[in-house]
Number of protein chains: 4
Amino acid sequence: MPTEPRFTFGLWTVGNPGRDPFGGPTRAEVDPVDSVHKLAELGAWGVSLHDDDLIPWGVSAAERDRIVARFKQALDATGMGVGMATTNLFGHPAFKDGAFTSNDRKVRRAAIGKAMNFIDRAAELNAEVYVFWGGREGTEAGIAKDPRDALERYREAIDTLGDYVHDQGYNLRFAMEPKPNEPRGDIFLPTIGHALHFIEMLKRPEMVGVNPEVAHDTMAGLSFHHGVGQALWAGKLFHIDLNGQRIGRYDQDFRFGAEDLKEAFLLVRLLERAGYSGPLHFDAHAYRNENAEGVWDFASGCMSTYRSLAERARHFDSLPEVQEALEAASTPELGLASVDGDEAESLKSEAWELDALAERGYYNERLDQLLVDVLLGVR
Amino acid sequence: MPTEPRFTFGLWTVGNPGRDPFGGPTRAEVDPVDSVHKLAELGAWGVSLHDDDLIPWGVSAAERDRIVARFKQALDATGMGVGMATTNLFGHPAFKDGAFTSNDRKVRRAAIGKAMNFIDRAAELNAEVYVFWGGREGTEAGIAKDPRDALERYREAIDTLGDYVHDQGYNLRFAMEPKPNEPRGDIFLPTIGHALHFIEMLKRPEMVGVNPEVAHDTMAGLSFHHGVGQALWAGKLFHIDLNGQRIGRYDQDFRFGAEDLKEAFLLVRLLERAGYSGPLHFDAHAYRNENAEGVWDFASGCMSTYRSLAERARHFDSLPEVQEALEAASTPELGLASVDGDEAESLKSEAWELDALAERGYYNERLDQLLVDVLLGVR
Amino acid sequence: MPTEPRFTFGLWTVGNPGRDPFGGPTRAEVDPVDSVHKLAELGAWGVSLHDDDLIPWGVSAAERDRIVARFKQALDATGMGVGMATTNLFGHPAFKDGAFTSNDRKVRRAAIGKAMNFIDRAAELNAEVYVFWGGREGTEAGIAKDPRDALERYREAIDTLGDYVHDQGYNLRFAMEPKPNEPRGDIFLPTIGHALHFIEMLKRPEMVGVNPEVAHDTMAGLSFHHGVGQALWAGKLFHIDLNGQRIGRYDQDFRFGAEDLKEAFLLVRLLERAGYSGPLHFDAHAYRNENAEGVWDFASGCMSTYRSLAERARHFDSLPEVQEALEAASTPELGLASVDGDEAESLKSEAWELDALAERGYYNERLDQLLVDVLLGVR
Amino acid sequence: MPTEPRFTFGLWTVGNPGRDPFGGPTRAEVDPVDSVHKLAELGAWGVSLHDDDLIPWGVSAAERDRIVARFKQALDATGMGVGMATTNLFGHPAFKDGAFTSNDRKVRRAAIGKAMNFIDRAAELNAEVYVFWGGREGTEAGIAKDPRDALERYREAIDTLGDYVHDQGYNLRFAMEPKPNEPRGDIFLPTIGHALHFIEMLKRPEMVGVNPEVAHDTMAGLSFHHGVGQALWAGKLFHIDLNGQRIGRYDQDFRFGAEDLKEAFLLVRLLERAGYSGPLHFDAHAYRNENAEGVWDFASGCMSTYRSLAERARHFDSLPEVQEALEAASTPELGLASVDGDEAESLKSEAWELDALAERGYYNERLDQLLVDVLLGVR
């Protein structure tokens with residue numbers, strides 16, 4: 001039996017006012033408390049947030065407490081959870097050269113401190129995961145940073161924060177969110193792979209996973225479900241950001257399923273088969289030509305497309321012709337070990353049998369066409 | 001004192017006959033022995049090779065020995081070394097669905113055996129590194145392979161071969177070569193990051209590094225020198241493939257320096273500063289509209305551009321105005337630890353100082369313009 | 001009533017033996033006569049061909065006639081038509097620097113002559129359209145060609161061939177096929193737009209249109225249905241090549257519908273609404289891991305997905321909620337003239353009313369979600 | 001003798017405060033009058049501007065006149081010219097669904113009126129060219145606009161404005177500026193080619209040319225100098241926007257020469273050889289991590305790199321080895337007509353000579369390496 005998906009939305013997603021590099025806002029900002037209520041109504045499981053989404057930069061300590069209390073009240077009233085919390089380390093102009101990897105040591109320290117401050121709140125809000133998206137950790141002028149120094153500073157920051165969480169006894173895991181570029185010309189930890197490797201270099205690799213985002217690896221033209229597959233294979237898929245994006249474009253953050261339905265299908269099928277049970281987080285926003293009403297069309301669409309794809313995936317796997325086509329493609333055979341205590345000599349001699357092995361076909365056209373037919377609802 | 005760079009060329013690079021998807025060869029294949037002699041003459045340090053570059057598929061065992069002996073004679077005569085050796089696991093039609101990750105178990109076993117066979121030769125030829133480029137390890141129809149199964153089979157193959165090298169007592173390290181796509185729609189281990197992570201999942205991570213190629217990460221639009229920086233940071237740069245490529249294109253394998261001179265400069269400067277002493281391998285080929293003569297123009301150009309860039313990098317770093325600009329950008333400050341036994345509370349309170357930290361500039365325009373001036377030889 | 005679509009396949013598509021830059025053929029070449037019979041069986045309307053697809057380069061004049069006669073017999077026997085014919089100006093090594101724009105004048109002349117020779121055959125075969133795809137018209141080293149000279153030579157060639165068709169009294173229209181790159185680093189006439197403009201510069205613009213290909217404009221990340229829209233708007237869609245492709249990759253030529261179902265839907269809907277009645281030509285090939293059997297799976301899949309999408313498009317437009325959503329988006333209002341004999345002063349004063357015009361939304365999320373729902377067969 | 005280049009900067013370029021999608025401004029906006037003075041000091045020839053750059057939206061008519069008078073005074077005082085003027089049809093939220101192609105007819109009318117209002121000012125300021133960049137003319141949800149309707153409305157708007165300029169007797173030419181995407185998912189007239197074709201469809205094609213921008217066609221991975229070459233070939237290069245950009249990224253607008261020096265060299269050489277004498281307009285801005293000081297480093301760098309490249313181009317062409325290499329590549333031969341009153345039969349028979357024509361090489365490696373050597377200042 002499939003479990004009920006736990007959908008979450010960032011406060012900044014439904015709250016996005018439609019500003020872009022060429023124009024100002026097209027709709028009003030939304031009060032986080034209103035978002036909580038509205039999302040609960042639409043069937044979401046929870047929300048996620050940056051510190052600055054909830055607590056405007058510069059308010060007094062008393063005001064901060066008041067805001068958080070009011071927000072918790074809304075969560076309690078609606079039964080909504082907090083899927084993840086994170087620090088905004090990109091909006092403030094001081095982060096213009098980076099946060100954890102700014103060339104200015106004082107900025108790096110302030111960034112670590114800002115994260116600590118909100119980690120306390122995240123624990124207070126029972127957030128499941130604390131995400132690090134290093135949007136400003138990069139360069140336009142590569143000459144200005146030795147990438148080895150930058151990665152060393154990045155590691156130092158995450159290790160320091162890992163120690164902090166450990167020392168405080170918080171029940172909080174970290175998730176690194178990769179992105180190749182924008183807002184920086186090139187960002188450190190550009191893909192899922194780079195982030196997975198970085199985690200292995202940390203002091204506490206066991207408490208850190210990844211938070212891949214459809215749009216981010218897709219910008220670089222990488223197969224998103226392959227990347228998620230590598231994270232799952234390594235036991236490192238701690239959170240996921242769902243949205244839509246065309247390859248080789250600015251960060252579009254479209255509604256989930258708005259682009260590349262086949263890849264979205266492969267992703268949902270993989271998540272469902274792998275038993276991923278973390279938050280399904282929509283990090284996206286309504287098209288800028290929408291007014292306030294369109295925001296909720298957008299939010300509903302994200303969830304309904306996920307459900308449709310999950311249903312299509314189950315239907316696909318239930319079809320006898322699909323099972324036959326998977327067999328014809330030898331797909332299940334990829335799950336079998338290739339070697340099993342073999343002598344090297346026997347493997348070496350099998351190498352000379354390649355000519356005979358070249359004859360067969362793999363029937364991928366048939367299998368992929370079945371997928372297209374299922375996607376289009378004609379089968 | 002900079003050491004003399006050790007330039008190598010693949011036999012398949014200068015031997016490339018100019019075939020492409022839309023047309024046949026435009027020049028004759030080159031006898032590997034002739035390549036060794038000609039490259040020695042032009043000042044290369046060595047060559048690299050796939051099994052099938054040297055030993056045509058299907059010849060008898062006796063003929064294989066004869067060919068290898070003749071090749072070793074050419075190496076001895078010229079003093080040329082073997083930078084790396086590798087298995088061709090992509091050319092034979094049996095690998096059409098993958099080699100180590102083919103859905104057909106027999107193909108996977110034959111692939112492992114084929115690699116073992118040439119690992120023996122690599123040891124005999126004193127190759128420094130044994131490379132694995134999994135060009136066929138991927139999909140066009142993602143539905144045909146669970147990426148977790150594919151990675152598990154990939155790991156199994158490398159672990160099996162690592163054991164083999166260990167058991168034979170060969171002095172040989174492995175290097176994984178990532179590529180995002182082509183000839184498969186999507187290739188597993190698409191970037192430097194994915195390969196670095198994969199290595200950490202292996203049984204013998206210490207004997208495995210990466211062999212990044214300019215063209216490959218550039219196809220995906222990633223900063224190549226950032227990726228190489230991550231490999232160097234992890235101590236995993238075992239080999240490198242130099243060439244030229246435009247973002248978002250078919251695999252072009254142009255002459256080193258033919259595209260993106262600034263990135264090439266940043267790469268060479270990084271390699272020189274990091275003291276990378278492995279082979280500098282040109283995995284490229286002459287434009288298809290060249291005849292035999294143009295091949296050697298191509299080879300000379302690769303080496304001379306590397307030397308020019310290394311000289312430009314030393315000159316750049318010798319300029320007082322550059323040192324001043326690096327200081328103004330706080331570049332050296334990125335080498336300093338951000339925290340040093342600090343109390344969490346002090347870091348947390350420093351977070352509130354961001355407004356003051358936003359005032360300064362980083363003078364990256366000035367620094368980058370100095371780089372452009374040096375590149376253009378006007379400074 | 002929708003007319004029956006006229007599906008065609010290039011002889012080189014179903015005949016593609018699976019060769020790619022990294023490996024040789026994986027299946028046998030197919031006799032063109034067998035392709036005609038098999039495609040007729042599967043429900044295609046016709047075929048298309050390059051000169052060299054039918055008549056191997058270098059055979060005698062008598063053999064050429066014999067081959068063509070046998071081919072015509074197959075067409076007659078099956079009732080299959082010839083959607084388009086074209087010259088292979090890319091395969092022969094002499095075209096390595098270009099055909100109509102080779103720097104070698106003798107090559108340019110031979111290219112024009114080769115086209116004339118097959119234009120005669122095209123007329124004999126009652127081909128509807130004669131296509132020019134200038135795959136070799138470009139550069140890797142931009143310095144080697146002044147683009148103005150190249151375009152002038154390109155124009156000269158098409159004008160010469162246009163005169164030839166006119167003088168011979170053939171009932172044959174030309175279609176220019178754009179492509180951004182591959183096999184050249186950069187190709188002249190890289191997009192639909194460049195080709196449409198080039199046509200306006202010709203001596204006989206009225207006899208020349210475009211043959212856009214999904215894969216080609218998609219490689220450059222352009223919206224294919226927007227490009228086709230511009231061609232239709234100008235009355236210049238003379239032929240179309242349907243297939244599947246990811247952005248920013250090598251030329252993949254996947255089965256139609258295998259990538260980006262939403263864009264494929266928008267394209268099919270546009271073609272159907274515009275009453276395009278030319279050939280629907282699948283310029284694609286089976287995945288390389290298929291053997292002979294998979295080729296026909298591939299061909300059937302192309303046609304069935306086109307039919308499915310056309311049906312989905314009709315269904316979409318039949319839904320009352322879609323009509324409402326189009327109204328809410330003001331889509332029909334884009335068909336109305338903006339001005340109608342207005343005084344400039346009245347338009348100028350209306351400019352000051354923008355603030356009030358900013359309030360409304362366009363309900364594109366709702367409309368696009370309806371499209372996704374229809375695509376997924378859940379509505 | 002080369003003429004002195006006429007460098008211009010948009011008021012919005014040096015005035016750019018460093019806002020991006022993920023963060024607010026990092027430096028103060030600059031008073032247009034201060035920009036005029038500072039740019040004059042640095043050696044620029046003039047400025048360019050949108051209506052809203054100079055005249056904030058919403059000020060009174062009297063205030064508008066006062067602002068323009070003060071600006072003209074600054075131009076007079078410094079001798080600076082106005083290279084081009086244009087309408088901001090993207091910033092106001094009313095343009096969220098397009099300006100000339102908004103689905104809302106009232107918005108389309110207001111857009112035309114807004115352009116008319118500033119065309120009057122452009123004439124008053126003696127602007128040479130009036131540019132149309134249709135940044136909002138596009139879609140995220142393709143289903144919301146029939147591209148044929150959109151192009152028809154686009155044409156109607158430009159024709160209406162062309163009539164207006166004609167009727168007023170203004171000495172003003174139009175230039176269309178293409179861009180593939182951002183801020184819209186897909187923009188109509190995405191490339192130089194599409195814009196050149198669109199112009200041929202207008203009522204007054206003779207008064208309309210293109211304003212290509214390095215960043216825009218580069219985003220789509222197209223060769224910028226090929227595109228500019230097509231515009232020059234057609235006599236349609238009325239203005240040009242110079243900057244730096246990586247392929248397949250968000251719109252970066254980097255300093256001219258900051259990316260892809262070889263392409264920048266080919267562009268400058270082409271412009272200089274073609275005798276382009278219009279404004280050389282830097283549509284770029286300082287990196288966001290710069291403060292006010294860095295803006296002028298940026299501006300100086302743009303101009304100095306153009307000058308360096310122009311000098312390098314002259315030097316390149318002055319080298320005897322370059323002239324020899326161009327001859328070896330048959331580059332001058334591309335300037336010769338291919339046919340000259342030939343009989344078709346003679347061309348047809350020359351086609352059979354291809355085998356012999358395949359032998360020669362084109363020496364592009366040698367030629368391109370000379371270019372690299374000149375670029376690096378080592379030759």
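Since the structure is predicted, the reported quantities are computational estimates derived from the model, not experimental observations. Letters A, B, ... are given to chains in the order of the sequence lines, protein chains preceding strands, and every chain is numbered from 1.
Your options are G361(D), A292(D), S300(D), G377(D), and the one with the most heavy-atom pairs under 4.5 Å with chain B is G361(D). Of the listed residues (D260(B), L371(B), T305(B)), the greatest number of heavy-atom pairs within a distance under 4.5 Å of chain D belongs to T305(B). By number of non-hydrogen pairs under 4.5 angstrom with chain D, the leading residue of A358(B), G294(B), G221(B) is G221(B). Among E359(D), R366(D), R255(D), the residue with the largest count of heavy-atom pairs under 4.5 Å with chain B is R255(D).
One finds the CG atom of L261(D) at 11.5 Å from the CZ atom of F265(B) (value rounded to the nearest 0.5 Å). The CZ atom of F254(B) sits 9.0 Å away from atom CD of E365(D), with the distance rounded to the nearest 0.5 Å. Residue R379(B) holds its CZ atom at 9.5 Å from OG of S308(D), rounded to the nearest 0.5 Å. Here the CG atom belonging to N289(D) is positioned 11.0 Å from the OH atom belonging to Y363(B), to the nearest 0.5 angstrom.
Looking at E263(B), only its side chain comes within 4.5 Å of chain D, counting heavy atoms on both sides. Heavy atoms of L375(B) lying under 4.5 Å from chain D belong to its backbone as well as its side chain. There is no contact between R27(B) and chain D, counting heavy-atom distances below 4.5 Å.
Shown here for R312(D) and L376(B), the closest heavy-atom pair between the two residues is CD-O, 3.9 Å. Shown here for D373(B) and S304(D), the closest heavy-atom pair between the two residues is OD1-OG, 4.4 Å.
The 12-atom threshold is exceeded at CD of E311(B), counting heavy atoms of other residues, nucleotides or ligands nearer than 6.0 Å. Around atom CD of E321(B), more than 12 heavy atoms belonging to other residues, nucleotides or ligands sit under 6.0 Å away.
Of the possible donor and acceptor atoms, one in the side chain of K262(B) sits under 3.5 Å from a partner among the backbone N and O of A258(D). A donor-acceptor contact shorter than 3.5 Å links the side chain of E290(B) to the backbone of N364(D).
D297(B) has its side chain out of reach of Q369(D): every pair of non-hydrogen atoms, C-beta onward, lies at least 4.5 Å apart.
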